[in-house]
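Below, read A as the first sequence line, B as the second, and so on, with proteins coming before strands; counting in each chain starts at 1. Just so we're clear, the structure is a prediction, and the values are computed from it rather than from any experiment.
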Protein chains: 2
Amino acid sequence: MKVTIREVAEAANVSRGTVDRALNHRPGVNPQVAERIIKIADELGYKPDMAARTLANKKYTKTIGVILCSEGNPFFNDVINGVNNALEEMGHFGIQNIVRKIKGFDADLLLKEIDGLLAEKISGLVITPVNSQNVAQKIQDLEDANIPVVTINTDISSVKHLAYVGCDYITSGCVAGELLGMMSNGFEEHVALIIGSSMVMAQEQRLRGIKKTLKRDYSNITVEAVIENDDDDQKSYEQVKALLKEKPELTTICFASAGVEGGIKAVRESDCGRKLRIVTYDLTDIVRENLKSGVVSATICQEPFRQGFLGVEILGRYLLYGTKPKESTIKTHIFIATKYNL
Amino acid sequence: MKVTIREVAEAANVSRGTVDRALNHRPGVNPQVAERIIKIADELGYKPDMAARTLANKKYTKTIGVILCSEGNPFFNDVINGVNNALEEMGHFGIQNIVRKIKGFDADLLLKEIDGLLAEKISGLVITPVNSQNVAQKIQDLEDANIPVVTINTDISSVKHLAYVGCDYITSGCVAGELLGMMSNGFEEHVALIIGSSMVMAQEQRLRGIKKTLKRDYSNITVEAVIENDDDDQKSYEQVKALLKEKPELTTICFASAGVEGGIKAVRESDCGRKLRIVTYDLTDIVRENLKSGVVSATICQEPFRQGFLGVEILGRYLLYGTKPKESTIKTHIFIATKYNL
DNA sequence: CTGAAAGCGCTTACAG
DNA sequence: CTGAAAGCGCTTACAG
């Protein structure tokens, strides 16, 4: 039979309230009594019932705040789906939520939104942070004020927080490097790498991972160009167009960020008989389409849904039950998708 | 403020018991009253509180039964981890469990274990079924007796059940075919495919997927041999050894099932200068090792942890809250892993 | 068919 | 520092 707080109380000859206080390390219990209670609970194999705990805490309803730098960025669609799914689940347990979306990784906007949510008395925050000093300071303030913070998709350095859920971008680069290597089958290849901006840490890390892997293991592959398109399709189009004219020996283009649509348009128009291989990151509608039609060979994914879902779930569980994840960094899987496994 | 059953009762001028009965379609309510209550609840935006529901149902504790054909099969280690994680979670909500593991996909043993669990009064079953008529009938009996069944990793045909969590094996084959194609870089390749037994549906389907994809899209790749090793390492070793002697033109071996260790041993010993490419399925310790050392180029994975975790979670939620998954088939992702993304 | 009441296990404001 | 009691929201056996 299940051991409840009642059994522990009887075995210890104290009231249920005292057991609760002891087991949850609340103040106001004689330390020796507390120790004895904990020992007895342990011996009896007591495990708290989460449903009861949650119900009892209903009086003190909590709100999860979510801020995503997702506006106008289709990659985030699945992150948002994950966030919404988890928020709905939390809703069944009485946790409210406020969600804000902003355009671009804009530190000032982000700070303003955080203050807005604080004014709404959120109990915890899920956020795609900008990795800046101001934001780090603000997150520090939140943690100090006992408002736990979970970062998703991209992390923030130098501030301890409840958790980060997202991928390791250097590894993500290594995977692309290895993929390009595998696809070369040992033959000579000429590659162009296209990123948004090397000022964005994630993209700089990806680039680093790709280059490192190619250099170490695939001397048959030459990196002919590294281009920054500011994640802008028009710019991407023009740059790729120019690139193809300039480097007729090119065999492969790897898009490590956005601007895929523009880039592919340029490839299409410049098609002078040669078969260019294209590799991308993530799985937006554009990428999906082009994978299916065979224009893109493969794409490297990072579980966006799970980033959103787990981020909210981890925060929710902490608020509901006080449970922390075993590791504060939860790496989402990086995997290679082809037309068959979208 | 959150709407509870109490508010609905007041608005409808009935007791809370009646609201509960109406909203949950329990018998013994005047149909017209029930309809009115449902309407009011809807208007008020009533959402049941899962914690309260769970707590109230504590009196009628439920037990999840789990039967896995996992004994001696390292692939299942992660499935088991997933199962255990979810069972632990369910434990916090008062759901008990009984887990049984059997060796091989043995229908008779499986039936015996099911009967054993029935005797223990399980409320639901998570199982890796053998796709036989007897087992199908038994699962039918369970569902008829209101004991929901969730299949994981492999499904059973011709019986409706709560859910299946696992991958689509034909697609899984297509992914391997596409991968082999990508890695050929358009050059001539000679491939051997090694499965356990074509009598196992999942393996037969994988084989079919691989062949179909190669035939359709990669005429540069020839399948030189298809070998069945009964998932036995010794047999695998001998067969690969013979194969390598017989077919010196071979460039790639794809293991669609077990026997990887034996096969790789044979490749090592026969190494006569040529660089054989090896592709495998799943991520056992053996595969992991050989990926890291570069012996295996890539492996095709299917989220074993998630299969176990979701299988139990879906059943648990159904038993706790009565919620069914949106789709009764939950496909786990198939993805390609390299040395960098294990 | 309907209502009043007890109970699920935990938490906490209140009284001592 | 400790206990008795009310309460979280839902469910159900019981009485009518």
Atom-pair distance (NZ on A/Lys58; C1' on C/dG9), nearest Å: 14 Å
Less than 4.0 Å between a side-chain N and a carboxylate O, is that true for A/Glu35 and A/Lys39? no
By nearest-nucleotide position on DNA chain C, the 5'-leaning member of A/Met50 and B/Pro31 is B/Pro31
Expressed in angstrom and rounded to an integer, what is the separation of B/Arg36 atom CZ from C/dT2 atom C1'? 13 Å
Can you tell me if the side-chain N/O atoms of B/Tyr46 get under 4.0 Å from OP1 or OP2 in D/dC10? yes
Does anything in residues 4-13 of chain B reach DNA chain D, meaning a heavy atom under 4.0 Å, and if so which residues? B/Thr4, B/Ile5
A/Val33 side chain reached by A/Ile37 side chain, heavy atoms, under 4.5 Å: yes
Just wondering, are more than 12 heavy atoms of other shown residues or ligands nearer than 6.0 Å to CZ in A/Arg26? yes
Which atoms form the tightest heavy-atom contact between B/Ser70 and B/Lys101, and what is the distance? OG-CG, 3.4 Å
B/Ala51 versus A/Lys58, closest heavy-atom pair with distance: CB-NZ, 4.4 Å
Output the rounded distance in Å from NE2 (A/His92) to P (D/dG9). 16 Å
Any side-chain to backbone donor/acceptor pair from A/Tyr321 onto A/Lys324? Under 3.5 Å, distance only. no
State, to 0.1 Å, how close B/Pro129 and B/Thr151 come at their nearest heavy-atom pair, and which atoms those are. CG-CG2, 3.7 Å
Taking N or O atoms only and anything under 3.5 Å, show me the protein contacts with nucleotides 12-15 of chain C, one pair per line.
from: C/dT12; atom 1: OP2; to: A/Arg26; atom 2: NH1; distance (Å): 3.2
from: C/dA13; atom 1: OP1; to: A/Tyr60; atom 2: OH; distance (Å): 3.4
from: C/dA13; atom 1: N6; to: A/Arg21; atom 2: NH1; distance (Å): 3.3

Here DNA chain C, pairs taken as Watson-Crick or G-U under 3.5 Å and shown with ( ), [ ] when crossing and | when to another strand, reads |||.||||||||.|||
Any donor-acceptor N/O pair, A/Glu7 side chain to A/Thr4 backbone, under 3.5 Å: yes
Are any side-chain N or O atoms of B/Thr332 and backbone N or O atoms of B/Gln302, one a donor and one an acceptor, separated by less than 3.5 Å? yes
Closest non-hydrogen atoms of A/Ser123 and A/Pro148, given as atom of the first, atom of the second and distance, are O-CD, 3.1 Å
Roughly, in whole Å, what's the span from CD in A/Gln32 to P in D/dC1? 11 Å
Distance-only donor-acceptor check, side chains A/Asn84 and A/Glu88, under 3.5 Å: no
How would you label the contact of A/Val19 with the nucleic acid (heavy atoms, under 4.0 Å): base, sugar-phosphate, or nothing? nothing
For atom CZ of A/Arg53 and atom C1' of D/dC8, their distance in whole Å: 15 Å
Which whole number of Å gives the distance between the C1' atom of D/dT12 and that of D/dG16? 16 Å
